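Numbers restart at 1 for each chain; the letters A, B, ... are given by sequence-line order, proteins then strands. None of the values given here were measured: they were computed from a predicted structure.
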2 protein chains.
Amino acid sequence: MAQSDTVDRILDAAEELFADRGFSETSLRMITSKAKVNLAAVNYHFGSKNALIHAVFARFLTPFSATLETAFDELEERCDGQPPTLNQTLWALTESAVRMPQRNEKGISIFMRLLGLAYTQSQGHLRKFLEQEYGDPFSRFMRLLKEATPQLSSVDRYWRIQFMLGATAFTMSSSDALRDILQNKLGVETTIQEIAARLVPFLAAGMQAEDKMLIPVPDSHTPVA
Amino acid sequence: MAQSDTVDRILDAAEELFADRGFSETSLRMITSKAKVNLAAVNYHFGSKNALIHAVFARFLTPFSATLETAFDELEERCDGQPPTLNQTLWALTESAVRMPQRNEKGISIFMRLLGLAYTQSQGHLRKFLEQEYGDPFSRFMRLLKEATPQLSSVDRYWRIQFMLGATAFTMSSSDALRDILQNKLGVETTIQEIAARLVPFLAAGMQAEDKMLIPVPDSHTPVA
DNA sequence: CAGGGCTTCAAACGTATGTTTCAAACAGAC
DNA sequence: GTCTGTTTGAAACATACGTTTGAAGCCCTG
């Protein structure tokens with residue numbers, strides 16, 4: 001069928017261009033010429049450029065949030081009443097992301113960058129769309145974080161969650177540039193899984209840092225109960 | 001004198017609008033009307049929109065990098081040959097930022113957001129400008145970080161520095177929205193100093209996390225060895 | 001007060017954008 | 001084959017943008 005072919009080609013091209021250049025910096029003409037479709041096809045199939053942006057996110061986020069919900073379900077069931085630990089919660093999220101079926105070799109990294117852009121490049125319509133459409137799994141993640149860090153005050157936890165989001169979104173949003181630098185300068189291949197494997201311990205350690213630290217921290221915290 | 005008045009009003013308006021909306025999303029007409037100057041004034045005084053963006057960064061970054069250099073000088077002198085610790089290095093940076101003379105009540109947070117945008121919103125010209133103009137103090141900071149974390153492999157250190165940059169830039173770049181939420185929901189005033197006081201321990205703990213933290217996630221997928 | 005270098009101003013220029021139009025091409029049902 | 005609804009195509013539309021222009025205004029020196 002011709003339609004879904006055109007629609008998918010537009011989504012593929014848009015996803016990649018948005019990730020590379022941002023939303024405002026990507027024109028419909030770039031998208032349609034990369035997708036080898038007519039300019040009018042975007043407005044015909046999606047209605048507007050903003051609606052196309054939403055569709056790009058929905059194509060990934062809808063199955064992802066379903067995967068995430070079941071991962072949280074399994075986790076809570078496995079914990080049998082007890083709240084999951086911080087590490088378990090973070091890994092549930094990470095694994096859900098990594099296990100998503102990947103459309104191409106660029107895989108999930110493109111989409112991580114898009115999420116980072118969505119948060120940073122605060123396009124009003126996009127944030128509203130994401131909150132409205134995918135607010136529930138996000139709230140659930142927040143609740144799990146809260147239960148996993150009962151020792152933190154609300155204010156401390158609030159800020160540390162922001163720091164975690166920042167490290168994640170920013171790292172992911174720096175596209176493949178970071179990985180390229182690493183490959184060229186140190187000759188190291190780096191997959192998204194390996195980045196995640198480094199990021200999660202960093203986040204967990206920061207999240208559980210001793211408060212009001214003024215002196216170099218001894219390597220004493222062993223968070224996993 | 002009229003000139004510096006116009007130039008400063010343009011810089012003030014541009015700084016705030018860029019921070020609020022991003023670079024591409026801010027038009028010269030928005031800037032000039034907010035600054036109450038003629039549209040042509042930007043091209044007259046700065047030459048182009050890109051040059052205006054550079055000027056906005058230079059106005060803050062030039063005195064800041066000078067302050068930072070002396071802070072590092074003092075720190076290294078105080079340590080008398082021994083490499084400064086991670087906490088000392090982070091605090092030297094943080095204090096230099098916080099102590100910068102602030103133009104208005106929004107203070108440094110606007111500029112932090114601009115730095116975050118500069119990194120994320122990959123405007124080629126901007127990154128080139130920043131690297132060329134302010135690469136030296138950045139390299140020095142990186143060198144200090146390396147000496148403060150000799151236990152880390154190059155690859156680990158590389159990624160953890162990215163995580164730190166991310167948490168910092170992202171948090172700062174979330175403008176006053178985060179602080180507003182906090183004030184409304186929890187009724188807490190939060191200054192930039194208090195955020196920094198929470199951020200630095202988080203970063204230091206993450207930076208010094210035990211490597212290859214074991215994961216409580218069951219079956220399959222063990223993180224990199 | 002006359003001249004000349006800055007600075008401001010209103011207006012216009014050329015270009016790129018998102019969107020719309022409407023005819024042509026196509027698909028499947030009868 | 002013919003008809004009907006859907007999809008594509010080339011072209012145009014209106015608008016917003018960064019930039020340029022050239023005249024007017026300003027301020028200081030002589």
Please report, rounded to the nearest Å, how far the [atom2] atom of [N] is from the [atom1] atom of [X].
X	N	atom1	atom2	result
L39(B)	dT19(D)	CG	P	10 Å
D5(B)	dC27(D)	CG	C1'	16 Å
L17(B)	dG18(D)	CG	P	12 Å
H45(B)	dG18(D)	NE2	C1'	17 Å
H125(B)	dG18(D)	NE2	C1'	13 Å
F18(A)	dG18(C)	CZ	C1'	12 Å
N50(A)	dT17(C)	CG	P	16 Å
L52(B)	dG18(D)	CG	C1'	12 Å

Nearest to side-chain heavy atoms of [X], which nucleotide of [options]:
X	options	result
A40(B)	dA10(C), dA10(D), dG18(D)	dA10(C)
K49(A)	dT20(D), dC17(D), dT19(C)	dT19(C)
R29(A)	dT19(C), dT8(C), dA10(D)	dT19(C)

Sugar-phosphate only, base, or nothing, as touched by A41(A) at under 4.0 Å among non-hydrogen atoms: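 No contact at all - A41(A) keeps every heavy atom at 4.0 Å or more from the nucleic acid.
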Touch class at under 4.0 angstrom, heavy-atom based, for T26(A) against every strand present: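 T26(A): backbone/sugar contact only, no base atoms under 4.0 Å.
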dC17(D) OP1/OP2 closer than 4.0 Å to side-chain N/O of S27(B):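 Checking S27(B) against dC17(D): at least one side-chain N or O falls below 4.0 Å of OP1 or OP2.
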dG18(D) OP1/OP2 closer than 4.0 Å to side-chain N/O of S48(B):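 So the side-chain polar atoms of S48(B) never come under 4.0 Å of the phosphate oxygens OP1 or OP2 of dG18(D).
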S24(A) and E25(B): side chain donor to acceptor below 3.5 Å: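 Note: S24(A) and E25(B) side chains meet the donor-acceptor criterion.
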Parallel, tilted or perpendicular, as decided by the 30° and 60° cut-offs, for the rings of F202(A) and F202(B):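 Taking F202(A) first and then F202(B), their aromatic rings stand perpendicular (interplane angle over 60°).
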Contact check, side chains of E147(B) and T89(B), non-hydrogen atoms, under 4.5 Å: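 The answer is no; the side chains never approach within 4.5 Å.
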Check: R9(B) side chain, K36(B) main-chain N or O, donor-acceptor pair, under 3.5 Å: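 Flag set: sc R9(B) to bb K36(B) pair under 3.5 Å.
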Approximate separation, where rounding is to 0.5 Å, of F111(B) CZ and L117(B) CG: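 Between atom CZ of F111(B) and atom CG of L117(B) there are 11.0 Å.
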Upstream residue (5' side of DNA chain C) when V37(B) and G47(A) are each assigned their closest nucleotide: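 It is V37(B), whose closest nucleotide lies nearer the 5' terminus.
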Pairwise 5' ranking along DNA chain D for N43(B) and Y44(A), keeping only the more 5' one: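 This one resolves to Y44(A).
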